[in-house]
There are 2 protein chains.
Amino acid sequence: MGRKQVWEQGEVLASAMRLFRRRGYLGASLRDLEEATGMHPGSLYRAFSSKEGLFSAALDDYNERVVEGRVRAHLRDAEDPVAGIRSFFTSAFDTGGGPEPDPGCLLTNTAVESFSVPHVAPGVRRGLETIESGFADALTRAQAQRLLPEELDVEKSAAQLLALYQGLLVLVRSGTDAAKLHTITDGALALIRARNATAKQADEEEQR
Amino acid sequence: MGRKQVWEQGEVLASAMRLFRRRGYLGASLRDLEEATGMHPGSLYRAFSSKEGLFSAALDDYNERVVEGRVRAHLRDAEDPVAGIRSFFTSAFDTGGGPEPDPGCLLTNTAVESFSVPHVAPGVRRGLETIESGFADALTRAQAQRLLPEELDVEKSAAQLLALYQGLLVLVRSGTDAAKLHTITDGALALIRARNATAKQADEEEQR
DNA sequence: GTAGTTTGTGAGCGATCGTTCAACTACAAG
DNA sequence: CTTGTAGTTGAACGATCGCTCACAAACTAC
């Protein structure tokens, strides 16, 4: 009983997410969000309690749909895991020449802005772990296919790939040209072929 | 003639910079900045014209003092350039156990927030180039000292190190533990020892 | 129909935002 | 001293912020 809800959660979260990705948490005002979602303040607050609640829901949605989707497509389901890692990187800036510049990664942006949105730190962590474990999965499968040496430390390499990827996203935001972004993508492949990515040799480095 | 200025530009910019690093451009209000700098709104606007003017001055100061200082200490003046690269990375999160958590890198934060502060993009670019050319300098010197193979493509490796470094700073902000941050630092050294960082092999990768 | 319940609407709240400006103070020159 | 100038002060402006709430609308159960 009662009136029917006229808006769809998926659509509202998608448009809120788009705004947060572009402008950040502080940069997206409630008036902006009202215009983007087509909802009025009363309904927004009835559904999400606060601006931070809406942001948190948008971040969860980002993790579930965008991050997991991309990780599955490029890393977990890729036939060639190494090529998948490459395409995972390039897909972050090769947006197919669409009209919109780049929405930015909500995880990267939120991690940096986290002082202003303290409650969402766990959500950011979860998203980053999804990416990292996706890298680890691809690396393990690459080893099984003899595309990468067995000595490669999968865990460490995955962490390094995650960092390189986050750095790539920062540089995308700073307006770095495509050639350099491709160079950085090459770096991902350089990383996982490096000899000293093993635990043993990392220890040797430690003694410097 | 006229009254003497009672505040020092260096001190004011330093405290404004600290606040901007922690909270970002939008997160630092004028009231916060007044408290941090000890200045009153009239004087602030007399000196810097606007909040963005103050931010821009703080960013320039950050580039000149903090970025250039660290690049010189760890990369340009280091006896062992490879060890310098390592310490450049670790110094981003090994803050010596000081009381303050981490102020964040103004370049990283601003790059991500750039939609809200459009006029400072060139300043961010300049700072990032300072770091990148610092890496290039260290790599070149390392080659001269036979610490790294001649086949290493210095330009490309410098770009990749910059990306990895920016990613490290993102992960620092997300609360990543020190062990993983050290692993990422190991990644920097893995990168510059990789065989396929040369131009020739990068081209081979391109064909995937 | 009426009663009960859920959702949508939007005016408007108090707080805070970045910014301005007229009054005031401290100095140098004559 | 007076006059002119550069610097400081802080009250207060209009705009916008996140958010509330009384009311209207749409639905079910009876």
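Order of the sequence lines sets the chain letters (A, B, ...), proteins ahead of strands, with each chain counted from 1.
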It should be established whether B:Tyr45 places a side-chain nitrogen or oxygen under 4.0 Å from OP1 or OP2 of nucleotide C:dT19.
yes
What integer distance in Å separates B:Arg46:CZ from C:dA22:P?
15 Å
Between B:Gln5 (CD) and C:dA26 (P), how many Å, whole number?
16 Å
Rounded to whole Å, how long is the line connecting atom CG of B:Leu26 with atom P of C:dG18?
9 Å
Is any side-chain heavy atom of A:Val112 closer than 4.5 Å to one of B:Glu113?
no
Mutual orientation of the aromatic rings belonging to B:Tyr25 and B:Phe55 [parallel < 30°, tilted 30-60°, perpendicular > 60°]
perpendicular
Once you round it to whole Å, what is the distance between C1' of C:dT25 and NZ of B:Lys4?
14 Å
Any A:Ser29 side-chain N or O less than 4.0 Å from OP1/OP2 of D:dC17:
yes
Rounding to a whole Å, what distance do you find between A:Glu35:CD and C:dG10:P?
15 Å
Under-3.5 Å donor-acceptor pair between A:Arg3 side chain and C:dT7 base
yes
When rounded to whole Å, the CZ to P distance for the pair A:Arg23 and D:dC17 reads 10 Å
Can A:Asp137 and A:Thr140 be said to form a side-chain hydrogen bond (donor to acceptor under 3.5 Å, both in side chains), step by step?
CA-CA 5 Å; A:Asp137 184 85; A:Thr140 302; over 6 Å; no
Please determine if a side-chain N or O atom of B:His40 lies less than 4.0 Å away from the OP1 or OP2 oxygen of D:dG10.
yes
Angle between ring planes, B:His182 versus B:Phe93, binned at 30° and 60°: parallel, tilted or perpendicular?
perpendicular
With a 4.0 Å cut-off on heavy atoms, is A:Ala47 in touch with a base, just the backbone sugar-phosphate, or nothing at all?
nothing
Roughly, in whole Å, what's the span from CG in B:Leu30 to C1' in D:dA12?
14 Å
Taking the six-membered ring for Trp and the full ring for Phe, Tyr or His, determine whether the centres of A:Phe20 and A:Tyr62 are under 6.0 Å apart.
no
Whether A:Lys51 contacts D:dG18 is assessed here as follows: a side-chain N or O lying under 4.0 Å from the phosphate OP1 or OP2. Is that the case?
yes
For D:dT8 and B:Trp7 - does any side-chain N or O of the residue sit under 4.0 Å from the phosphate oxygens OP1/OP2?
yes
How many Å lie between CZ on A:Arg31 and P on C:dA11, as a whole number?
11 Å
Residue mapping more 5' on DNA chain C - nearest nucleotide basis, B:Gly42 or A:Met39:
A:Met39
